[in-house]
Amino acid sequence: MEKEAAKKWPGNWDFLKTKYTDLVKDDFPERNTKVKELPAHLKLPPITPVEKYIKVLPSPHPFPRTTTSLYGWRSGSYDHRLERYGGYARSKGALIKQLNWPHEAIS
């Protein structure tokens with residue numbers, strides 16, 4: 001039974017082996033598009049390499065051996081800190097002191 005199915009398969013399902021692009025190439029004719037030249041004021045300047053503006057210095061510390069020590073290994077140095085302009089969340093004291101609640105109100 002399996003040998004008979006293997007003989008019939010190419011007649012029934014052989015089209016599955018062809019590429020999709022080969023099947024539909026006659027359905028979509030090729031378009032001839034013209035490339036329009038941009039005016040001078042719309043043209044982009046040549047691309048400048050990133051290395052010209054960004055300088056990456058070698059790390060003062062050796063690369064961490066484990067992934068756990070990888071987190072924050074560069075930001076430990078003052079030059080590589082993430083908060084350039086100071087802490088963003090400064091505590092202003094306890095909320096109870098700000099609201100002037102008595103200690104009995106908390107318990």
Side-chain angles (χ1 to χ4, degrees):
M1 184 165 153
E2 191 172 324
K3 290 182 181 180
E4 292 176 25
K7 288 179 185 177
K8 291 181 184 178
W9 192 90
N12 294 332
W13 304 104
D14 199 37
F15 68 92
L16 292 175
K17 295 194 307 186
T18 58
K19 292 183 182 179
Y20 174 74
T21 53
D22 294 338
L23 290 174
V24 296
K25 68 181 173 188
D26 298 330
D27 296 340
F28 299 104
E30 249 186 71
R31 287 198 250 166
N32 295 328
T33 57
K34 296 179 183 177
V35 178
K36 294 181 180 179
E37 190 67 30
L38 286 175
H41 67 280
L42 291 178
K43 288 185 180 178
L44 294 174
I47 297 173
T48 309
V50 177
E51 292 83 18
K52 181 177 179 185
Y53 297 107
I54 299 174
K55 303 282 189 244
V56 179
L57 300 175
S59 177
H61 305 290
F63 194 79
R65 284 192 259 167
T66 62
T67 55
T68 306
S69 59
L70 182 67
Y71 298 111
W73 73 291
R74 291 284 297 230
S75 63
S77 172
Y78 185 77
D79 295 335
H80 302 118
R81 67 189 185 279
L82 298 175
E83 295 179 353
R84 294 241 179 230
Y85 307 108
Y88 293 107
R90 293 190 177 132
S91 72
K92 297 178 181 177
L95 180 65
I96 299 165
K97 288 183 182 177
Q98 289 180 8
L99 298 175
N100 294 325
W101 285 358
H103 289 285
E104 297 82 27
I106 325 170
S107 40

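Since this is a predicted model, take the numbers as computed values, not measurements.
With sequence neighbours left out, the side chain to side chain donor-acceptor pair (under 3.5 Å) criterion links Thr66 to Ser69. Thr67 meets the side chain to side chain contact (heavy atoms under 4.5 Å, CB included) test with no other residue; sequence neighbours excluded. Looking at residues two or more places apart in sequence or on another chain, you find no side chain to side chain contact (heavy atoms under 4.5 Å, CB included) involving Leu44. For Pro62, there are no side chain to side chain contact (heavy atoms under 4.5 Å, CB included) partners two or more places apart in sequence or in a different chain. With sequence neighbours excluded, the residues forming a side chain to side chain contact (heavy atoms under 4.5 Å, CB included) with Pro49 are Glu51, listed by chain and number.
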Identify each donor-acceptor pair in which a side-chain atom of residues 14-38 lies under 3.5 Å from a protein atom, sequence neighbours left out, and give them as a table.
residue : atom : partner : partner atom : Å
Asp14   : OD1  : Lys17   : NZ           : 3.3
Thr18   : OG1  : Phe15   : O            : 2.8
Glu37   : OE2  : Lys43   : NZ           : 3.1

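Under the side-chain hydrogen bond (donor to acceptor under 3.5 Å, both in side chains) criterion, no residue pair touches residues 2-11, with sequence neighbours excluded.
In Leu42, the CG atom is crowded: over 12 heavy atoms of neighbouring residues, nucleotides or ligands sit closer than 6.0 Å.
Across Ala6 and Pro10, no two heavy atoms sit closer than the pair O-CD, 3.3 Å.
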